[in-house]
Peer 1: 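This is the structure I want to talk about, given as structure tokens.
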Amino acid sequence: MSSLLEVENLHVWFELEGERELHAVQGVSFTLEPGERLGLVGESGCGKTTSVLGVLGLLPPSASVAGRVLLNGEDILAGGEETIRPHRWVDLAIVFQGAMNALNPVKTVGSQIVEALELHGQASGRAARVRAGELLNSVGIPAERTDRFPHEFSGGMRQRAAIAMALACNPSVLVADEPTTALDVMVQAQILELLDSLCNDFGLALLLVTHDLPVVAELCDRAAVMYAGEIVEYGPVDALYHEPRHPYTRLLFAATPDLYGRGVPVSIPGAPPRLDLPLYGCPFHPRCDRAFTRCKDEHPALKELGGSRSAACHLNDVVAKTA
Ligand code: SF4
């Protein structure tokens, strides 16, 4: 049986001057089942947002995309905009980083939700206005505030309104791209709680893009850790936390404020590599505290490790040989 969403070998690249190219996403694959929550996690510039924009067909024309995105078994990337448009917002909806990017500042919040409902044939006229009020209510905004402009809302309320808009067509997958960035800690916690209850109440599958591992640990069932445009570790969140099989995952957990009361955060030395330059060996080797000779020359493939886990690190071959 096919998964709700299956991303297969997704590549995204941009042609640059001088016949160079920037290969931002390099063979990313993952699945999402109904009601499941998957976190795409990693530092800035590792390809998380580009991957989900590729899945939704929202990349700029300068981007080239290859691979398959199967929604209930149908390849929605196969025919470009024509095959993806009927599913965008209807089956797959996105909440962008910073609600002001999603809301039009010169239209009332309610009228924007009404527009979304009418555009996708969900409701029209008075029924759409009533539905807009219900959607705002479902994210904790009183329906009487339907006729307010985005600037009359606080940051947290704007993000709630953006979530209400994303839910307008009852999607089965909600993509949330850094939904709590730029919000204060209290509001962040409220938005995460809201996402949690909406997923439970509406049976939504969640694809959460974040650099914040505690957020993934809080909300998600599984995580895909991305580095230099690739998934380097994939598996249940608990397993990744308790027994990471890639040094980058371990260092990412060690670098975030501790949710479980362990140790002091330790920063990861160096920075992710430039993706417009050739990479040799393991892309993480210049920063890896476990690197050995093979790492400089040989790119590690993402290998299954059992227990629904996989990782791209030569150390796992050493462990397998000595086991
Ligand atoms: Fe570190 Fe080598 Fe594993 Fe890369 S392959 S993460 S450099 S140990």
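Quick note: residue numbers are just sequence positions, from 1. Not measured: the values here are computed from a predicted model.
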Peer 1: Show me the pairs that pass salt bridge (charged side-chain N to carboxylate O under 4.0 Å, His left out) and involve residues 117-126, at least two apart or across chains.
Peer 2: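 Every pair satisfying salt bridge (charged side-chain N to carboxylate O under 4.0 Å, His left out) with a residue in residues 117-126: there are none.
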Peer 1: Considering only heavy atoms from C-beta outward, does the side chain of Arg160 approach that of Phe153 to under 4.5 Å?
Peer 2: no
Peer 1: Output every pair passing salt bridge (charged side-chain N to carboxylate O under 4.0 Å, His left out) with a member in residues 74-96, not counting sequence neighbours, ordered by first then second residue.
Peer 2: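 Matches after skipping sequence neighbours: Glu81-Arg85, Glu81-Arg88.
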Peer 1: Distance from Leu208 atom CG to Leu195 atom CG, nearest 0.5 Å?
Peer 2: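 Result: 7.5 Å between the selected atoms.
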Peer 1: Considering only residues two or more places apart or on different chains, which pairs with a residue in residues 18-27 satisfy salt bridge (charged side-chain N to carboxylate O under 4.0 Å, His left out)?
Peer 2: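 Those involving residues 18-27 are Arg20-Asp276.
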Peer 1: Determine whether Phe202 and Leu219 fall in the same hydrophobic cluster, where Ile, Leu, Val, Met, Phe, Trp and Tyr are linked whenever their side-chain heavy atoms lie under 4.5 Å apart.
Peer 2: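 As far as the 4.5 Å side-chain criterion goes, Leu219 and Phe202 are connected within one cluster.
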Peer 1: Are Val25 and Trp13 connected in a single hydrophobic cluster, I mean Ile/Leu/Val/Met/Phe/Trp/Tyr linked by side-chain heavy atoms less than 4.5 Å apart?
Peer 2: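 Trp13 does not cluster with Val25.
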Peer 1: Just by modelled atom types, is the Gly270 backbone N or O under 3.5 Å from a matching donor or acceptor in the Arg287 side chain?
Peer 2: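 Yes; judged by distance alone, with no hydrogens or angles, the pair exists.
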Peer 1: So do Pro60 and Phe14 actually touch side chain to side chain, heavy atoms under 4.5 Å?
Peer 2: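 Phe14 reaches Pro60 side chain to side chain.
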Peer 1: Would Val90 end up clustered with Leu70 when hydrophobic side chains under 4.5 Å apart are linked, directly or stepwise?
Peer 2: no
Peer 1: With rounding to the nearest 0.5 angstrom, report the CD to OG1 distance, Glu218 to Thr210.
Peer 2: 12.0 Å
Peer 1: Evaluate the side-chain proximity of Leu275 to Gln26: yes if any heavy-atom separation is below 4.5 Å, no if none is.
Peer 2: yes
Peer 1: Could you name each residue pair satisfying salt bridge (charged side-chain N to carboxylate O under 4.0 Å, His left out) that touches residues 179-196, not counting sequence neighbours?
Peer 2: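 For residues 179-196: Arg37-Asp196.
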Peer 1: Report yes or no: does Glu178 contribute a side-chain atom to a donor-acceptor pair with the main-chain N or O of His211 at less than 3.5 Å?
Peer 2: yes
Peer 1: Of the non-hydrogen atoms in Ala224 and Leu38, which two are nearest, and what is the gap between them?
Peer 2: N-CD1, 4.0 Å
Peer 1: Which pair of non-hydrogen atoms, one from Tyr227 and one from Ala271, has the smallest distance, and what is that distance?
Peer 2: OH-O, 4.0 Å
Peer 1: Under 6.0 Å between ring centres: does that hold for Tyr241 and Phe253?
Peer 2: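 Yes - the distance between ring centres of Tyr241 and Phe253 falls below the 6.0 Å cut-off.
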Peer 1: Out of curiosity, Leu251 CG to Arg290 CZ, how far, rounded to the nearest 0.5 Å?
Peer 2: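 Leu251 CG to Arg290 CZ: 10.5 Å, rounded to 0.5 Å.
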Peer 1: Can you see which heavy atom on Val216 is nearest to which on Ala223, and at what distance?
Peer 2: CG1-CB, 3.9 Å
Peer 1: Does the side chain of Val114 reach to within under 4.5 Å of the side chain of Thr146, using non-hydrogen atoms?
Peer 2: no
Peer 1: Once you round to the nearest 0.5 Å, how far does OH of Tyr234 lie from CG of Leu302?
Peer 2: 9.5 Å
Peer 1: What heavy-atom pair brings Ala116 and Ala168 nearest, and what distance separates the two atoms?
Peer 2: CB-CB, 4.4 Å
Peer 1: Ignoring hydrogens and angles, tell me if any N or O in the side chain of Lys48 forms a donor-acceptor pair with the backbone of Gly42 under 3.5 Å.
Peer 2: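 A pair under 3.5 Å: yes.
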Peer 1: Measure the CZ-OG1 distance between Phe96 and Thr49 for me, rounded to the nearest 0.5 Å.
Peer 2: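 The OG1 atom of Thr49 is 10.0 Å from CZ of Phe96, to the nearest 0.5 Å.
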Peer 1: Out of curiosity, Leu167 CG to Leu204 CG, how far, rounded to the nearest 0.5 Å?
Peer 2: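 It comes to 6.0 Å.
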Peer 1: Using only atom types and a distance under 3.5 Å, with no angle test, would you say the side chain of Ser111 pairs donor to acceptor with the backbone of Thr108?
Peer 2: yes
Peer 1: Would you list the atom pairs, donor with acceptor, under 3.5 Å between side chains in residues 304-311 and any protein atom, with sequence neighbours excluded?
Peer 2:
unit_1: Arg309; atom_1: NH1; unit_2: Glu243; atom_2: O; d: 3.0
unit_1: Arg309; atom_1: NH2; unit_2: Glu233; atom_2: OE2; d: 2.6
unit_1: Arg309; atom_1: NH2; unit_2: Glu243; atom_2: O; d: 2.8

Peer 1: List the atom of Pro244, the atom of His242, and the distance in Å for their closest heavy-atom pair.
Peer 2: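 Closest heavy-atom pair between Pro244 and His242: CD-C, 3.7 Å.
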Peer 1: In terms of the angle between their ring planes, are Phe149 and His151 parallel, tilted or perpendicular, with boundaries placed at 30° and 60°?
Peer 2: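 Geometry flag for His151 against Phe149: parallel rings.
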Peer 1: For the residue pair His11 and His23, does the interplanar ring angle fall in the parallel (under 30°), tilted (30 to 60°) or perpendicular (over 60°) class?
Peer 2: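 Geometry flag for His23 against His11: tilted rings.
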Peer 1: Do Leu4 and Ser172 make a side-chain contact, defined as non-hydrogen atoms from C-beta onward lying under 4.5 Å apart?
Peer 2: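 Contact flag for Leu4/Ser172 side chains = yes.
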Peer 1: Run the side-chain contact (heavy atoms from CB on, under 4.5 Å) check on Leu40 and Val28 step by step: do they pass?
Peer 2: CA-CA 11 Å; Leu40 267 191; Val28 161; 5.6 Å; no
Peer 1: Does the side chain of Cys313 reach to within under 4.5 Å of the side chain of Pro247, using non-hydrogen atoms?
Peer 2: yes
Peer 1: Does any N or O in the side chain of His246 come within less than 3.5 Å of the main-chain N or O of Tyr248, such that one atom is a donor and the other an acceptor?
Peer 2: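 Here the side-chain-to-backbone pair exists.
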Peer 1: Could you tell me if Ser29 and Glu8 have a donor-acceptor pair between their side chains, going purely by distance under 3.5 Å?
Peer 2: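 Looking only at side-chain atoms, Ser29 and Glu8 do not form any donor-acceptor pair under 3.5 Å.
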Peer 1: Please tabulate, one pair per line, all N/O donor-acceptor pairs under 3.5 Å involving side-chain atoms of residues 131-144, not counting sequence neighbours.
Peer 2:
unit_1: Arg131; atom_1: NH1; unit_2: Glu134; atom_2: OE1; d: 3.4
unit_1: Ser138; atom_1: OG; unit_2: Leu135; atom_2: O; d: 2.6

Peer 1: Using atom types as modelled and distance alone, determine if a side-chain donor or acceptor of Gln112 lies under 3.5 Å from a backbone N or O of Lys107.
Peer 2: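 Checking the backbone N and O of Lys107 against the side chain of Gln112, a donor-acceptor pair under 3.5 Å is found.
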Peer 1: Please report the C-alpha distance between Phe284 and Val232 in whole Å, then the side-chain angles of each, then the deciding distance to 0.1 Å, and finally whether the side-chain contact (heavy atoms from CB on, under 4.5 Å) criterion is met.
Peer 2: CA-CA 10 Å; Phe284 191 56; Val232 296; over 6 Å; no
Peer 1: Does Val65 belong to the same Ile/Leu/Val/Met/Phe/Trp/Tyr cluster as Leu16, with side-chain heavy atoms less than 4.5 Å apart forming each link?
Peer 2: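 Shared cluster, yes.
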Peer 1: One pair to check against side-chain contact (heavy atoms from CB on, under 4.5 Å): Ile191 and Ile163. What are the steps and the verdict?
Peer 2: CA-CA 9 Å; Ile191 295 292; Ile163 294 171; 4.2 Å; yes
Peer 1: Is there a side-chain contact (heavy atoms from CB on, under 4.5 Å) between Val55 and Leu207? Walk through the geometry before answering.
Peer 2: CA-CA 11 Å; Val55 167; Leu207 180 54; 5.6 Å; no
Peer 1: Heavy-atom distance under 4.5 Å between the side chains of Trp89 and Ile94, does that happen here?
Peer 2: yes
Peer 1: So do Asp317 and Arg294 actually touch side chain to side chain, heavy atoms under 4.5 Å?
Peer 2: yes
Peer 1: Between Ser2 and Gly73, which heavy-atom pair has the shortest distance, and what is it?
Peer 2: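 Shortest heavy-atom contact: OG-N, 3.7 Å.
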